[in-house]
Visitor: 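Have a look at this one before I ask anything.
Just so you know, these numbers come straight off a predicted model, no measurement behind them. As the structure lists them, so they are numbered: ligands from 1, and atoms in each ligand from 1.
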Amino acid sequence: MLARKMQFRLLPSIGVTLIATVVLVSCQHTPQSTDTAPAPATLGDANTRAAFLNGWRFQQGVPASFGEHAMVVSNSMLASEAGVEVLKQGGNAVDAAVATGFALAVTFPFAGNIGGGGFMNIRMADGRSAAIDYREVAPLASTRNMYVDANGKLTDKSTVGYLASGVPGAVAGLTEALKKYGTLSLAQVMAPAIRLARDGFVVDSAFARSLNGSKKLVTQFEGRSLFFPNGNVLAPGSRLVQRDLARSLSLIAAEGANAFYRGSIADSLVANMQRGGGIITKVDLANYTPVWRTPIRSTYRGYTLFTMPPASSGGITMTETLNVLENFAPLPAFGSTQYVHLLTESYRRAFTDRNQTLGDPAFIKNPVDKLISKSYAKSLAGQIEPSRASKTAAFNAGVEPTHTTHYSVVDAKGNAVATTTTLNGGFGSGVWVRGGGFFMNNEMDDFAAQPGSPNMFGLVQGESNAIQPGKRMLSAMSPTIVLDQQGKLLMVTGAAGGPTIITATMEVILNVIEFHMTLADAMRAPRMHHQALPDTIRVEADGFSGAVLDSLKGMGHAVREQTGLANVNSILRVAGGWHGVREPRSVGGAVGY
Ligand code: GLY
């Protein structure tokens with residue numbers, strides 16, 4: 001079974017070992033070693049193989065939220081409670097996910113939305129699985145070079161203002177998911193969101209801070225008087241009532257998605273576009289359709305993953321990376337030089353394929369079978385040198401904003417839903433639809449606005465993701481469902497954070513199934529990221545030792561430290577129920593019962 005053995009010189013690392021033997025194996029499963037602790041009977045219940053660095057801001061051993069029957073985890077405690085309210089009324093996980101999604105549009109307008117889009121990954125307890133793609137599409141009047149000025153330079157119009165938006169998909173996606181897999185009426189699942197918008201909720205300091213951080217963007221447009229009354233951000237402790245949004249949500253609850261795509265909400269949206277020079281028309285809205293897709297089903301050391309296919313790149317990129325890593329058993333110690341190097345080299349290859357070849361399947365042929373095949377991954381694994389970085393051309397990346405939001409739901413029957421939804425940047429394009437009461441996305445920036453030039457995430461992408469009317473822009477969203485080696489639901493997870501969505505989601509999964517961390521530790525563990533270009537490993541500051549970073553540099557890697565990478569919300573099955581953990585780097589709530 002062993003293809004070859006290589007001595008990997010491990011330089012000082014978190015934890016232990018100076019020299020380790022890393023085994024390159026054929027694609028067969030190799031049991032993990034038990035070098036520091038025996039594998040616990042139930043993953044996530046007890047032991048960890050990894051110790052965090054002293055001084056890392058999230059220490060180990062913090063408990064997760066526990067639910068005996070069910071769990072909802074999102075970036076808003078109120079939205080998680082909305083999901084649980086619907087579960088307790090007898091709703092299933094899809095009912096609860098739709099309730100949470102609409103509630104996030106009210107309580108987390110930073111990324112929760114009806115003016116954006118997303119992806120929902122569903123796994124029913126009876127074994128059915130499905131994915132719904134409600135990604136925005138480019139308006140019919142969009143053109144390939146609409147964001148390039150006369151001098152050939154990219155403008156900021158793909159990120160700010162009326163031209164930045166794709167045609168929103170959220171309302172169509174959520175209502176369609178409910179129709180096919182839900183059990184309650186739209187009015188029932190939307191009731192908590194309508195109540196939160198109509199009666200208001202108390203603004204907390206995190207909400208005020210996130211608004212204030214986007215003051216320049218939001219106050220350029222018509223949301224300024226709602227969110228910055230008298231020019232100042234809503235004070236913590238004040239009550240935010242969103243009348244326009246309450247009206248929109250009530251119309252959707254009563255009339256379905258038509259209210260948004262053909263009715264009075266469409267009228268407000270198009271009037272708003274016309275006032276500001278945007279190009280979304282009534283025809284664009286009426287044409288919008290969500291697409292049911294078959295999730296990518298892959299395996300990693302006997303675990304089964306259901307991930308999102310294109311128009312998201314998340315599933316393919318995660319699968320390709322995990323398939324490469326599967327060739328190395330056990331993985332090097334968590335946080336060690338060799339661990340960061342191996343993940344980097346795997347990410348580099350998977351992101352190179354992602355950035356160069358993937359796009360909307362309605363427009364291009366994605367080489368899915370090749371990219372997710374074990375044999376292709378084996379050939380990539382064989383290229384990785386144990387002590388030398390491979391190279392890709394460098395350029396300056398922009399600052400990584402956080403944005404998007406992921407929520408995970410499990411119900412008492414074991415139905416599971418992983419959903420990621422986004423406006424792209426925080427508060428999207430900044431454009432707020434008067435009369436509609438919601439922010440519009442700036443998702444057009446997820447296209448390669450100028451193939452070969454970086455977007456707001458520093459991603460350099462190719463022609464396959466160039467702008468075309470009616471096309472979905474490539475996403476990194478990675479709502480993921482994991483089954484254990486017996487085929488039983490184990491994890492529901494996913495993230496926000498542009499391309500770091502893919503790497504953070506995967507690292508939380510690896511922390512549980514490779515390093516046997518509790519879910520709380522898996523979420524608190526320091527993260528790293530590499531996306532092929534820029535050719536720089538990004539690591540969370542204070543999470544990796546100086547010696548490890550020096551060793552990586554010595555191998556030829558560029559390394560950049562930053563505070564915080566991605567925003568993950570996860571659920572894990574444990575003895576007697578479910579652990580839920582909201583992102584410790586952000587806000588939110590895990591609510592179980
Ligand atoms: N807007 C971020 C993504 O879809 O990847």
Visitor: When you look for heavy atoms under 4.0 Å from ligand 1, do you find them on the side chain of Glu443, its backbone, both, or neither?
Guide: side chain

Visitor: For ligand 1, is there an N or O atom under 3.5 Å from any N or O atom of Thr404?
Guide: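 Between Thr404 and ligand 1 (N or O atoms, distance only) the closest approach is not under 3.5 Å.
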
Visitor: Parallel, tilted or perpendicular, judged at 30° and 60°: which one describes the rings of Phe227 and Phe207?
Guide: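 Tilted, since the angle between the ring planes falls between 30° and 60°.
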
Visitor: Would you say the side-chain atoms of Thr503 and His529 include a donor-acceptor pair closer than 3.5 Å?
Guide: yes

Visitor: The criterion is side chain to side chain contact (heavy atoms under 4.5 Å, CB included); which residues satisfy it with Thr143, sequence neighbours excluded?
Guide: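 Scan of Thr143 (side chain to side chain contact (heavy atoms under 4.5 Å, CB included), adjacent residues dropped) gives Met146.
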
Visitor: Which of the numbered atoms in ligand 1 are below 4.0 angstrom from a heavy atom of Ala476?
Guide: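 It comes down to these atoms of ligand 1: 3 (C), 4 (O), 5 (O).
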
Visitor: After noting the C-alpha distance and the side-chain angles of Ser80 and Ser74, does the key distance pass the side chain to side chain donor-acceptor pair (under 3.5 Å) rule?
Guide: CA-CA 6 Å; Ser80 298; Ser74 79; 2.9 Å; yes

Visitor: Report the part of Arg472 in contact with ligand 1, treating N, CA, C, O as backbone and CB onward as side chain, heavy atoms under 4.0 Å; options are side chain, backbone, both, neither.
Guide: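 No part of Arg472 is near ligand 1 at this cut-off.
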
Visitor: Which of the numbered atoms in ligand 1 are below 4.0 angstrom from a heavy atom of Met477?
Guide: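 Near Met477, the atoms of ligand 1 are 4 (O), 5 (O).
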
Visitor: Say whether Ile501, considering both its backbone and side-chain N or O atoms, lies within less than 3.5 Å of an N or O atom on ligand 1.
Guide: no

Visitor: Would Thr536 and Arg560 count as having a side-chain donor-acceptor pair, cut-off 3.5 Å?
Guide: no

